Amino acid sequence: MAYPLFRKLGKIVDNTTNKMCQKVTELTGLTLSYDSISPSIFSYFGIKDIQFKDENGKLVFGIKNTHIMYKIKPLLKGDYSNFVKGVSIDGIDIDVFSAIELAQRFSGQKDQKNAEFDINQIIAYVPPNVTVKNFNILYNKDSLFASLLVKEIKVLNSLHKDSISFDLNGNATVKNGTKINSSGKIEFNGTLNKTLDNSFVYIRFADFVFNDYKFNKMNFLASYNQNKCELRTIQNVIPVSLNAIYDISENNVDVRFESDNLKPLSIFSKNGNQENLSLLKNMNINLDAKLDYQINEKKLNYNSNGNIYLPETLIPGSAVVSYDLSGNDKKINVNSFNVDGPNCSTNANLSFIFKTFQLNGLVDLQKYILPNGNLISTEVYFDPLDSGGFMIFSPQVFIGERALTALQARVMPQNDSFDFDFEVTDYSHVEQSSEGLIEIDGSYLLSSNYVQTSVSLNNIYVETILGIAKQFVDSQTAETIEKSLNSVSNFM
């Protein structure tokens with residue numbers, strides 16, 4: 001009794017397998033072949049070494065082992081749409097170029113209606129229980145190696161064929177010689193509904209390392225409802241909030257990012273020497289940023305405001321930097337920029353036009369105290385030039401006991417370079433001769449990152465140069481310079 005049933009089952013399995021191979025070729029253009037099939041009565045049939053090849057016979061990817069669990073009655077009756085109970089796949093290796101080719105074959109050139117039909121078809125064809133293990137996507141070219149090893153994927157299709165639930169966990173690795181060594185864990189779990197509305201996926205990144213740096217875990221929720229795709233952070237120990245929405249019907253992207261007393265070291269840590277990271281220990285960031293991008297019109301608008309506490313390990317005496325800015329794809333406005341600390345106080349109001357490289361506004365450096373106690377202060381005005389670029393002007397720059405007068409400069413963009421000129425006037429010896437003048441002009445060549453420049457000094461006394469240098473150095477060096485000033489006072 002069992003032997004005739006086994007023979008009949010074997011023929012049905014062969015016939016079913018051939019139909020499946022034909023269906024794969026019909027849908028993808030790929031040819032499916034396998035090494036062997038081993039049917040087990042009333043249980044499953046196993047397929048070894050499945051290979052998918054393109055029209056030229058090139059191997060796209062292979063599967064080492066596949067078990068298809070079936071229901072005996074539908075199979076014997078030829079009900080091929082309902083006989084599969086589950087599928088277990090183990091061992092897939094595919095390089096990234098083949099994966100892209102495979103994705104293109106499935107996607108093709110389809111409109112929105114066909115895309116919705118495809119989702120219904122996927123849900124209709126997916127068996128109730130699918131497990132995929134050891135799915136490895138590889139990239140290995142020159143010295144760059146990258147892999148995404150999916151340890152396990154579980155897909156559960158509901159009895160009513162109206163949704164698919166899935167779980168995925170894996171490891172990602174990127175290496176580039178001794179320069180880059182990065183890895184981490186990725187988890188996805190969610191539900192895909194037949195109508196797409198209320199579909200969602202939880203995304204978790206954990207144990208990510210980049211060379212000696214380790215990053216804390218991040219959790220996200222991606223969802224779809226009423227033609228809108230949303231991505232947002234959830235349940236993070238890191239005090240940041242990200243919310244991004246893509247409106248498919250309007251073809252518009254909205255992004256908002258917020259942080260509340262964010263400390264950089266809550267995001268990442270470092271193995272080994274902690275000396276450099278300790279500089280950031282007490283740094284604190286509060287900010288609110290919004291971005292809106294209209295894809296069809298290619299219009300971008302954004303605004304942000306916040307404050308950053310810079311501890312004494314980063315800036316002498318510590319300081320609080322606060323800002324408020326807004327802009328679009330053509331222009332950015334720094335409505336306010338302030339630095340407030342015991343050794344530094346400045347504020348700025350600036351605007352910049354990207355296309356013409358025109359800068360406009362004011363920077364008021366009220367004080368910057370040097371390590372030796374001397375103070376620098378100035379006001380710097382920026383004015384746009386009609387032909388593009390901008391001019392810089394400062395009536396006076398006070399440096400300790402010295403001052404430079406009428407500092408002015410221009411920056412002018414060209415097709416393949418930036419031209420610049422600079423001049424500053426010294427009036428410290430006008431009783432002996434006319435004012436001194438330092439002039440610099442040159443170009444920065446974009447193609448070669450090369451700077452060419454010329455410097456001209458007229459009526460500049462050595463005593464002036466040494467006197468300014470004295471304002472920046474420690475007291476002992478300043479005393480040495482002071483002793484030499486009289487002996488060089490007449491040298492020009």
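Just so you know, residue 1 is the first one in the sequence shown, and it goes up from there. Just so we're clear, the structure is a prediction, and the values are computed from it rather than from any experiment.
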One thing to verify: whether [Y] and [X] come together as a salt bridge, which I'm taking to mean a side-chain N less than 4.0 angstrom from a carboxylate O.
X: E230; Y: K228; answer: no
X: K290; Y: D254; answer: no
X: D212; Y: K270; answer: no

State whether the side chain of [X] and the backbone N or O of [Y] hold a donor-acceptor pair below 3.5 Å, judged by distance alone.
X: N211; Y: N181; answer: yes
X: Q366; Y: S377; answer: no
X: D247; Y: E250; answer: yes
X: S304; Y: D288; answer: yes
X: S223; Y: F200; answer: no
X: S417; Y: L446; answer: no
X: D197; Y: Q226; answer: yes
X: N261; Y: N284; answer: no
X: Q471; Y: E401; answer: yes
X: N307; Y: N286; answer: no

Within 6.0 angstrom of [X] [atom1], more than 12 heavy atoms from elsewhere:
X: K133; atom1: NZ; answer: no
X: R204; atom1: CZ; answer: yes
X: K214; atom1: NZ; answer: no

* Where does the angle between the aromatic ring planes of Y444 and F418 fall among parallel (under 30°), tilted (30 to 60°) and perpendicular (over 60°)? ->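 Parallel.
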* **Non-hydrogen side-chain atoms of L242 and V255 separated by less than 4.5 Å** =>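 They are in contact (side-chain heavy atoms under 4.5 Å apart), so the answer is yes.
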* Tell me, do N140 and D95 make a side-chain contact under 4.5 Å, heavy atoms counted? ->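 No, too far: nothing below the 4.5 Å cut-off.
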For residues [X] and [Y], report the shortest heavy-atom separation together with the two atoms involved.
X: T378; Y: S394; value: OG1-OG, 2.6 Å
X: G317; Y: P342; value: O-CG, 3.1 Å
X: I153; Y: F135; value: CD1-CD2, 4.2 Å
X: Q396; Y: A403; value: NE2-CB, 4.4 Å
X: F472; Y: N372; value: C-ND2, 3.3 Å
X: P413; Y: V411; value: CD-O, 4.0 Å

In Å and rounded to the nearest 0.5 Å, what is the [atom1] to [atom2] distance from [X] to [Y]?
X: S322; Y: N347; atom1: OG; atom2: CG; answer: 9.5 Å
X: N216; Y: F268; atom1: CG; atom2: CZ; answer: 10.5 Å
X: S326; Y: I332; atom1: OG; atom2: CD1; answer: 8.0 Å

* To do: Output, in order, the C-alpha distance, side-chain angles, deciding distance and verdict of ring pair (Phe, Tyr, Trp, His ring centres under 6.0 Å) for F215 and F205.
  => CA-CA 9 Å; F215 295 84; F205 299 101; over 10 Å; no
Using a distance-only test with no angle check, is there a side-chain donor-acceptor pair under 3.5 angstrom linking [X] and [Y]?
X: N193; Y: T191; result: no
X: Y246; Y: N251; result: yes
X: D90; Y: N134; result: yes

* **F393/Y381 aromatic ring centres below 6.0 Å** =>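 Ring centres of Y381 and F393 not closer than 6.0 Å.
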* **Ring-ring centroid check F210 F208, cutoff 6.0 Å** =>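 No.
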* Applying side-chain contact (heavy atoms from CB on, under 4.5 Å), run through E258 and N243 and close with a yes or a no. => CA-CA 9 Å; E258 296 176 277; N243 190 46; over 6 Å; no
* For a side chain to side chain donor-acceptor pair (under 3.5 Å) with N335, tell me which candidate from D324, N305, N303 qualifies. =>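 Of D324, N305, N303, side chain to side chain donor-acceptor pair (under 3.5 Å) with N335 is met by D324 alone.
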* To do: Just do the salt bridge (Lys or Arg N to Asp or Glu O under 4.0 Å) check on K185 and E187 with the steps written out, would you?
  => CA-CA 7 Å; K185 296 179 181 178; E187 294 182 21; over 6 Å; no
